[in-house]
Trainee: 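One structure coming up, written as structure tokens, with questions to follow.
Note that the structure is a prediction, hence the values are computed from the model and not measured. Residue numbering restarts at 1 for every chain, and letters A, B, ... go by the order of the sequence lines.
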Amino acid sequence: RLQLKTLQRTHQSNSPSCYSQKSKSENGATILEMQHKDYCSGSVTNMSRNHQKQVITDDDIRVRSIQDSIKNIISGKIETSSQNNIPISSGVKLHSLNYIVTVTLGGRNTTVIVDTGSDLTWIQCQPCRLCYNQPEPLFNPSVSPTYRKVICNSSVCQTLQSATGNSGSCGNDLQDCSYVVNYGDGSYTRGELGQDHLVLGSTSVENFVFGCGRNNKGLFGLASGLMGLGRSDLSLISQTFETFGGVFSYCLPSAEAKSSGSLVLGGDSNTTIFKNSTPISYTRMLANPQLVTFYFLNLTGVTIGGVAIQDSAFGKTGMIIDSGTVITRLPPTIYKAVKAEFLKQFSGYPFKQGVSILDTCFDLSAYEEVSIPTVKMQFEGGAEMEVDVTGVLFIVKSDASQVCLALASLQYDDE
Amino acid sequence: IGIIGNYQQKNTRVIYDIKQSQVGFAKETCS
């Protein structure tokens, strides 16, 4: 392409006599004479300062253009059919501290919580026996022409056991596949499995299996349901494996941010570079045969303000990484050491009583500016996650009279 | 078993690759 452009520019020059006439054939190859594009006008040997400046400016624009093209291709900004970008935003507007995305299911926009800690995607359905409030209309399977029931003696229904911990059962009409999902915080959803057309950004998924929730209660805010991004056969990631190859990523914005982050499905985790991100550091997922649906990582260290926390518990137990849990829970001995170092470095600020699981709180209402120690988590293989400054402290009261370290302890070491 | 919650994952690109069994992290301004 670069050569072609040079020839085209030569053609645009003023005098026909300037066209390159000299060509020859040698060993089966055709050799064309090549001249500078300004050769014909003579300006190549007699450039004014302005012309020189223009040439340099043109050259700079050209280089920037090439670099941008390369950057866009590498960063995946020019999306391939196997990669899909969906806006993700804080669920605060839906009274949830989780993150939400809007997808289209059965032709209707549906806003759901993004949860890597569970597998079944479900939405509240009509007719509903026990549903919480949601601003979006309830999904009505009877008016979706593409909706189909999952029958109870099907292989799909049998995957419920590994995906949810509860086996599917035959519903009232002895055909429906009834499901039950109980979450760790006491929330639950019950209903039947169905299949419908799902649109994720620019990608369509036919016959996507999801839960039609008829009995739902718990900490879902006003979201219409939940998107399960776990590892079982029933998760969205497994159901779209052929399209997206089992790769996805997200970038969660702070709750105060009005603009959204992104959930990216697909791409190549080894070569993809995200716009405005630092280089990616990887750690291996641990295999936990008892809890195969979770994403387990090996936490090998924590630093507070650059000081490494010493604890024999590091590297011994896996940590689950979950988008559906809000506050990080650390094993007690690690938490105690982290808390002690944080207090050492965050000294001088008045203490305040704790709230709920947060036991390290301060009254910062008298301060316009505070210096917050950095928190870094290190994982097997050298991967590191530096906690963003917005993720270190949890502002309980908006006047900053109660601000807490946004970390909590498990009750006991092998909980 | 500890859990890394979403509050600490803000403004970080978290990449999951089931096929290669790896999770990646990169700093990113998400908004």
Side-chain angles (χ1 to χ4, degrees), chain A residues 97-99 116 231 237 245-254 257-262 269-270 272 274 276-285 295 297 299 317-331 334 375 377 383-388 390-391 394 406-407 410 415, chain B:
Chain A
L97 290 176
N98 282 307
Y99 286 84
T116 60
R231 300 176 70 180
I237 302 307
V247 177
F248 69 100
S249 72
Y250 53 69
C251 193
L252 308 176
S254 53
K258 286 180 182 171
S259 52
S260 52
S262 63
S269 71
N270 284 339
T272 302
F274 292 92
N276 300 330
S277 86
T278 59
I280 305 162
S281 60
Y282 284 101
T283 185
R284 74 179 176 102
M285 288 180 198
Y295 298 99
L297 310 178
L299 182 73
T317 58
M319 291 275 285
I320 294 170
I321 182 161
D322 181 19
S323 65
T325 293
V326 179
I327 299 293
T328 295
R329 312 299 209 277
L330 294 169
I334 294 178
V375 177
M377 295 186 182
E384 192 171 81
M385 185 185 84
E386 181 179 340
V387 177
D388 187 72
T390 59
F394 191 95
L407 296 170
L410 295 173
E415 183 180 359
Chain B
I1 295 166
I3 303 174
I4 303 164
N6 65 39
Y7 204 78
Q8 278 67 45
Q9 297 176 47
K10 288 186 286 184
N11 289 319
T12 299
R13 173 67 58 178
V14 186
I15 303 111
Y16 298 75
D17 184 341
I18 290 179
K19 206 188 278 182
Q20 298 201 57
S21 201
Q22 60 182 9
V23 173
F25 301 98
K27 287 287 286 178
E28 184 175 322
T29 303
C30 301
S31 300

Trainee: For chain B, which candidate among A:Ile334, A:Asn276, A:Ile237 shows the most heavy-atom pairs at distances under 4.5 Å?
Mentor: A:Asn276
Trainee: Looking at A:Cys251, A:Ser323, A:Ser262, A:Gly324, which has the largest count of heavy-atom pairs under 4.5 Å with chain B?
Mentor: A:Cys251
Trainee: Shortest non-hydrogen contact from A:Ser277 to B:Glu28?
Mentor: CB-OE1, 3.4 Å
Trainee: For the residue pair A:Pro279 and B:Ala26, what are the closest heavy atoms and their distance?
Mentor: O-CB, 3.8 Å
Trainee: Taking all non-hydrogen atoms of both residues into account, name the closest pair between A:Leu252 and B:Asn6 and its distance.
Mentor: CD1-CB, 3.7 Å
Trainee: Does any donor atom in the side chain of B:Arg13 or A:Thr278 lie under 3.5 Å from an acceptor atom in the other side chain?
Mentor: no
Trainee: Working to the nearest 0.5 Å, report the span between CD1 of B:Ile15 and CD1 of A:Ile280.
Mentor: 3.5 Å
Trainee: Considering only heavy atoms from C-beta outward, does the side chain of A:Tyr295 approach that of B:Val14 to under 4.5 Å?
Mentor: no
Trainee: Let me know if B:Ser21 has heavy atoms under 4.5 Å from chain A in its side chain, its backbone, both or neither.
Mentor: both
Trainee: Roughly how far, to the nearest 0.5 Å, is the CE atom of A:Met285 from the CD atom of B:Gln20?
Mentor: 10.0 Å
Trainee: Can you tell me how far apart NZ (B:Lys27) and OG (A:Ser281) are? Round to the nearest 0.5 Å.
Mentor: 12.0 Å
Trainee: Heavy-atom distance under 4.5 Å to chain B: side chain of A:Leu97, backbone, both or neither?
Mentor: backbone
Trainee: For B:Ile4 and A:Met385, work out which heavy atoms get closest and say how close.
Mentor: CG2-CE, 4.0 Å
Trainee: Measure from the side-chain N and O atoms of B:Ser31 to the backbone N and O of A:Ser260, and report whether any donor-acceptor pair falls under 3.5 Å.
Mentor: no
Trainee: Let me see the working for B:Gln8 and A:Val375 under side-chain contact (heavy atoms from CB on, under 4.5 Å), right down to the final yes or no.
Mentor: CA-CA 9 Å; B:Gln8 278 67 45; A:Val375 177; over 6 Å; no
Trainee: I'd like to check A:Ser254 versus B:Lys10 (side-chain heavy atoms, cut-off strictly below 4.5 Å). Are they in contact?
Mentor: yes
Trainee: Let me confirm one number: the CD1-CG distance from B:Ile3 to A:Leu410, rounded to the nearest 0.5 Å.
Mentor: 7.0 Å
Trainee: Look at A:Thr325, A:Leu407, A:Thr390, A:Val326 and state which one has the largest set of heavy-atom pairs under 4.5 Å with chain B.
Mentor: A:Val326
Trainee: How many angstroms lie between atom CZ of B:Phe25 and atom CD1 of A:Ile321, to the nearest 0.5 angstrom?
Mentor: 4.0 Å
Trainee: Any side-chain to backbone donor/acceptor pair from B:Gln22 onto A:Tyr282? Under 3.5 Å, distance only.
Mentor: no
Trainee: Go through A:Asn98, A:Leu297, A:Leu330 and name the one with the most non-hydrogen pairs under 4.5 angstrom from chain B.
Mentor: A:Leu297
Trainee: Once rounded to the nearest 0.5 Å, what's the spacing between atom OG1 of B:Thr12 and atom CD of A:Glu384?
Mentor: 11.0 Å
Trainee: Please state whether the side chain, the backbone, both or neither of A:Ile327 comes within less than 4.5 Å of a heavy atom of chain B.
Mentor: both
Trainee: How close do B:Gln9 and A:Asp322 get, counting heavy atoms only, and between which atoms?
Mentor: NE2-O, 3.1 Å
